[in-house]
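Here is the structure we will look at.
It should be emphasised that the depicted structure is a prediction, and the values quoted were computed from it without experimental measurement.
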Amino acid sequence: MSAKTTPEQPLPVRTVLQMVGGWIGKLGTVWVEGQITELTARGGTVFLTLRDPVANMSAKVTCPRGVYEATVPRPVDGARVVMNLKPDFWVNRGSFAFTALEMRPVGVGELLARLERLRQVLAAEGLFAADRKRRLPFLPAAIGLVCGRDSAAERDVLENSRRRWPAVRFKVEPVAVQGPYAVGEVTEALRKFDADGEIDVIVIARGGGSMEDLLPFSDEALVRAVAACRTPVVSAIGHEQDSPLLDLVADVRASTPTDAAKKVVPDVGEQLTLVRQLRDRGRRVAGGWLDRETAWLTATRSRPSLADPVREIERRAEQAEQLRDRARRSLAGSLDRAHDSLGHLRARLVALSPAATLERGYAIVQRPSGEVVRRAAEVSPGDGLTLRFPDEKITVRRDPAT
């Protein structure tokens with residue numbers, strides 16, 4: 001392909017095609033893994049398309065019938081194989097294709113090993129972490145259902161959901177759920193629903209099948225698309241024992257399509273029963289409180305102070321009058337006793353007064369200062385003294401000689 005050409009000196013088509021054929025012929029053989037689609041047999045040749053399971057790319061392959069029939073088990077549409085291919089260019093038609101020299105099916109053990117390696121890679125990236133999973137809404141406004149066209153999974157989800165909540169709304173996107181187109185169609189439906197503002201939950205459902213049938217739901221591209229969704233995703237693939245990688249990345253895993261309906265849609269009967277139970281419980285609580293308050297009010301009203309409040313006031317008034325009379329009597333008795341004591345004290349004072357002493361025939365000797373002289377020894381010679389009698393007093397002086 002290094003020939004120099006110009007508009008004036010172009011190469012003929014045959015020369016160009018021969019050069020292309022020669023260049024392709026130098027590529028040699030290569031082992032390629034892919035998924036078989038569009039498998040047809042005509043005469044001694046089998047024609048098929050080898051599709052990349054992740055990217056939307058494929059190549060045409062012609063396989064001699066002997067090579068195809070020598071492969072055990074014989075591959076069918078959707079099977080994964082490893083093929084030794086030789087690139088061929090047909091100069092006469094200007095077409096390119098691969099020729100299969102050997103074909104080997106990818107065994108279940110190898111598939112499981114590859115899925116395990118992919119699972120570990122995705123888990124290390126945090127795609128399966130529990131903290132990134134979202135809760136489902138209690139009652140979604142609309143549910144997006146991705147499933148096979150007219151499939152049992154579709155009927156199970158729709159019928160069980162409407163039996164639980166008749167008003168539930170679904171938007172159904174039928175897709176291929178196995179084979180070479182399953183990953184692309186499921187991924188496209190998933191993105192369509194995720195962009196729909198009315199959709200609150202997306203359910204991806206499929207009935208049971210062999211491990212090979214369920215391989216699209218372990219595809220890395222689909223798993224990453226589910227992880228990137230903003231809308232909660234429910235995986236309802238296969239049966240209880242089936243566990244594609246989609247189950248690990250989805251926000252909720254349902255064991256079957258019927259179980260998905262139970263997880264996504266609440267049961268109207270159960271909710272009504274719950275409402276009745278809560279209402280009855282509320283009534284019992286409120287009724288018990290009212291009964292206790294009524295009993296307290298009845299007991300309070302039955303007290304004498306509230307049953308006949310005027311009588312209580314009158315009783316208290318009688319008690320006040322009795323206390324008042326008692327206080328008066330007590331005060332009067334105290335005053336009488338004090339008066340008697342005062343009379344006795346006055347009588348004693350009168351009996352002991354100097355006038356009373358003089359009345360009994362005695363005289364009182366006093367100094368000029370008024371001090372009473374009680375003993376003769378208290379009077380010095382020459383002292384002046386006053387002698388008081390009942391009707392008069394005289395002044396005397398003690399003789400110095402005495």
Side-chain angles (χ1 to χ4, degrees), residues 128 130 132-178 182 185-209 213-214 216-217 222-223 225-227 229-284:
F128 305 151
R132 61 165 296 277
K133 296 182 183 297
R134 291 154 294 191
R135 293 173 58 89
L136 300 182
F138 170 71
L139 183 60
I143 301 171
L145 176 60
V146 181
C147 59
R149 182 177 284 102
D150 298 327
S151 62
E154 177 183 358
R155 291 191 298 272
D156 287 346
V157 173
L158 295 181
E159 291 176 5
N160 284 282
S161 296
R162 288 167 179 160
R163 189 179 298 122
R164 293 170 65 82
W165 198 283
V168 65
R169 285 198 309 121
F170 274 92
K171 291 185 179 182
V172 181
E173 193 71 23
V175 297
V177 291
Q178 70 182 63
E185 293 186 10
V186 173
T187 303
E188 181 60 29
L190 184 72
R191 290 171 177 163
K192 178 181 177 180
F193 281 144
D194 193 39
D196 190 337
E198 293 185 350
I199 300 298
D200 290 334
V201 180
I202 301 173
V203 178
I204 303 176
R206 181 211 147 95
D213 291 339
L214 300 181
F217 300 100
L222 178 58
V223 171
V226 172
C229 275
R230 296 169 298 177
T231 308
V233 177
V234 177
S235 172
I237 305 300
H239 299 300
E240 181 67 37
Q241 68 275 13
D242 298 322
S243 183
L245 296 183
L246 179 63
D247 285 350
L248 302 178
V249 73
D251 297 288
V252 174
R253 187 236 179 202
S255 57
T256 62
T258 300
D259 185 47
K262 295 179 180 179
K263 291 182 181 297
V264 173
V265 181
D267 190 310
V268 64
E270 293 177 358
Q271 297 305 314
L272 290 175
T273 300
L274 178 60
V275 169
R276 284 194 296 270
Q277 292 174 348
L278 294 175
R279 183 176 58 195
D280 294 342
R281 180 181 176 185
R283 285 176 174 173
R284 289 194 298 271

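- Remark: the backbone N or O of Arg253 is not paired with any side-chain donor or acceptor of Asp247 at under 3.5 angstrom.
- Side-chain atoms of Asp200 come within 3.5 Å of backbone atoms of Ala141 as a donor-acceptor pair (strictly under, hydrogens ignored).
- Between Val175 and Val177, the closest side-chain pair of non-hydrogen atoms falls below 4.5 Å.
- One distance of note links CZ of Phe217 with CG of Leu246; it measures 7.5 Å at 0.5 Å rounding.
- Taking 4.5 Å as the limit, every side-chain heavy atom of Leu274 sits out of range of all side-chain heavy atoms of Glu270.
- Atoms CZ and CD, on Arg164 and Glu159 in that order, are 14.5 Å from each other to the nearest 0.5 Å.
- Counted within 6.0 Å of NZ on Lys192, heavy atoms from surrounding residues, nucleotides or ligands total 12 or fewer; the atom is thus considered open.
- Here SG of Cys147 is found 10.5 Å from CG of Asp156. Values are rounded to the nearest 0.5 Å.
- With Asp251 as the partner, the salt bridge (Lys or Arg N to Asp or Glu O under 4.0 Å) test is satisfied by one option alone out of Arg134, Arg230, Lys133, Arg135: Arg134.
- Two residues are said to be in side-chain contact when any heavy atoms from C-beta on lie closer than 4.5 Å; Pro140 and Val264 meet this criterion.
- At least one side-chain heavy atom of Val268 sits less than 4.5 Å from a side-chain heavy atom of Pro166.
- A 6.0 Å sphere centred on CG of Asp280 holds more than 12 heavy atoms belonging to other residues, nucleotides or ligands.
- Inter-residue side-chain proximity for Arg206 and Gln178 is flagged as met; some heavy-atom pair is nearer than 4.5 Å.
- Residues Arg276 and Thr273 bring a donor and an acceptor atom of their side chains to less than 3.5 Å of each other.
- Side-chain contact between Ile204 and Phe193 is absent, with no heavy-atom pair separated by less than 4.5 Å.
- Nearest heavy atoms, Glu154 versus Gly148: OE1-O, 3.5 Å.
- Here the side chain of Asp194 pairs no donor or acceptor atom with the backbone of Leu190 at under 3.5 angstrom.
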Next item on the list: For side chain to side chain contact (heavy atoms under 4.5 Å, CB included), just list the numbers for Phe128 and Val249, CA-CA rounded to whole Å, side-chain angles, deciding distance to a tenth of an Å, and then say yes or no.
Entry: CA-CA 5 Å; Phe128 305 151; Val249 73; 3.9 Å; yes

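- Across every non-hydrogen atom of Val157 and Pro257, the tightest pair is CG2-O, 3.5 Å.
- Pairing each heavy atom of Asp259 with each of Ala254, the nearest pair is OD2-CA, 3.3 Å.
- Taking CG of Leu214 as the reference point, atom CG of Leu245 lies at 11.5 Å (rounded to 0.5 Å).
- To the nearest 0.5 angstrom, Ser161 atom OG is 5.5 Å from Ile143 atom CD1.
- Nearest heavy-atom pair, Ile199 versus Val201, reported as atom, atom and distance to 0.1 Å: CG2-O, 3.3 Å.
- Checked by atom type and distance alone, the side chain of Glu185 pairs as donor or acceptor with a backbone atom of Ala176 at under 3.5 Å.
- Taken to the nearest 0.5 Å, the CG atom of Asn160 stands 5.0 Å off from the CZ atom of Arg163.
- Within 6.0 Å of the CZ atom in Arg132, the count of heavy atoms belonging to other residues, nucleotides or ligands exceeds 12.
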